[in-house]
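Residue numbers start from 1 in every chain, and the chains themselves are labelled A, B, ... in the order their sequence lines are given, proteins ahead of strands.
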Protein chains: 2
Amino acid sequence: MKPDRIPPEKNLPACPVDRLLRVISGQWTSYLLWVLAQNGPQRFGALQKLVPGISTKVLTERLRMLDAAGLVLREQAATIPPQVTYSLTPRGLELRGLMDDLSIVARRWDAEGWRPPPR
Amino acid sequence: MKPDRIPPEKNLPACPVDRLLRVISGQWTSYLLWVLAQNGPQRFGALQKLVPGISTKVLTERLRMLDAAGLVLREQAATIPPQVTYSLTPRGLELRGLMDDLSIVARRWDAEGWRPPPR
DNA sequence: CGGTATCCCGCTTGATACTG
DNA sequence: CAGTATCAAGCGGGATACCG
């Protein structure tokens, strides 16, 4: 009955790196940011075409989350039919350098034959 | 009954960036890599103290996964009691630059009052 | 066009207990 | 010391249907 773990001080590491990774690492999320960074502002339907396989539900969730996080701007034109455009905010653009470096490492490892371990 | 999404070509973006993020972004994972990068090789028990709140089960899972991914080296001395030491591999060390840059951005945003959105 | 609303299933995580 | 075993809970994500 000895405790299996050390009780956390509050409830999590509260590590800024962890917090940032938590935001950008949901499924499709990094890919979405990448697509917006590469192709500029896009409408909902265009994003769905640019990210094949994503469902409307998840695409909506991710975009709303990124909006709430201040990384993506959602602009809605109250026309008929409605027109909603998503773009990177200045803060979202700050991630580009990071993504580029990450991409360089990821692609090199890829070329070297590295593969993530299967679950 | 119109399909909700565009069928994926195969089954996923297969984006190298996504693959790398998938590996380093599990809960505790980045924190673990960070701890090993900052404090050098550590034994199981020490890691559990350095990462308060993590359970033995998850700590084991993460270390085994990182081992399988070639980012962490697991060295076991067949003594009694057993002694297992974890360290970063050369490939794991390649992440340090990335983590440092990530940290710089994360800490600046943190200082600016940025917080991740609640679920 | 750009979403919501449900239902549901599986994976991840957590808690607890036990061991070579 | 460094785990494994097991069970339960929660949430993310997919499928499907409908709406302003």
**Prompt:** Closest to the Thr56(B) side chain: dT4(C), dA2(D), dT4(D)?
**Reply:** dT4(D)
**Fill in**
Note: for Pro82(A) and Gln76(B) on DNA chain D, the residue whose nearest nucleotide lies more 5' is Gln76(B)
**Request:** Give a yes or no on whether a donor-acceptor pair under 3.5 Å exists between the nucleobase atoms of dT4(C), that is its base, and the side chain of Lys57(A).
**Result:** no
**Fill in**
salt bridge (Lys or Arg N to Asp or Glu O under 4.0 Å) pairs touching residues 58-87 of chain B, sequence neighbours excluded, are none
**Asked** Are any of Arg43(B)'s side-chain N or O atoms less than 4.0 Å away from OP1 or OP2 of dA2(D)?
**Response** yes
**Prompt:** What does Gln27(A) touch in the nucleic acid at a heavy-atom separation under 4.0 angstrom: a base, only the sugar-phosphate, or nothing?
**Reply:** sugar-phosphate
**Prompt:** Side-chain N or O of Arg22(B) less than 4.0 angstrom from OP1 or OP2 on dT12(C)?
**Reply:** no
**Item:** Ala69(A) backbone acceptor or donor facing Trp114(B) side chain under 3.5 Å
**Value:** yes
**Message:** Walk me through whether Arg96(B) and Asp100(B) qualify under salt bridge (Lys or Arg N to Asp or Glu O under 4.0 Å).
**Reply:** CA-CA 6 Å; Arg96(B) 289 194 62 171; Asp100(B) 286 346; 5.2 Å; no
**Item:** Arg62(B) side chain near dT13(C) phosphate (N/O to OP1/OP2, under 4.0 Å)
**Value:** yes
**Between OG1 on residue Thr29(A) and CD1 on residue Ile24(A), distance to nearest 0.5 Å** = 9.0 Å
**Request:** Report yes or no: is there a donor-acceptor pair, N or O only, under 3.5 Å between the side chain of Thr60(B) and the base of dT4(D)?
**Result:** no
**Message:** Starting the side chain at C-beta, find the nucleotide from dG14(D), dG3(D), dG14(C) nearest to Trp28(B).
**Reply:** dG14(C)
**Item:** dG3(D) phosphate, OP1 or OP2, under 4.0 Å from Arg64(B) side-chain N/O
**Value:** yes
**Prompt:** Closest nucleotide of DNA chain D for Pro81(A) versus for Val58(A): which of these residues is on the 5' side?
**Reply:** Val58(A)
**Message:** At less than 4.0 Å, is any side-chain N or O atom of Tyr86(A) found next to OP1 or OP2 of dG3(C)? Yes or no.
**Reply:** yes
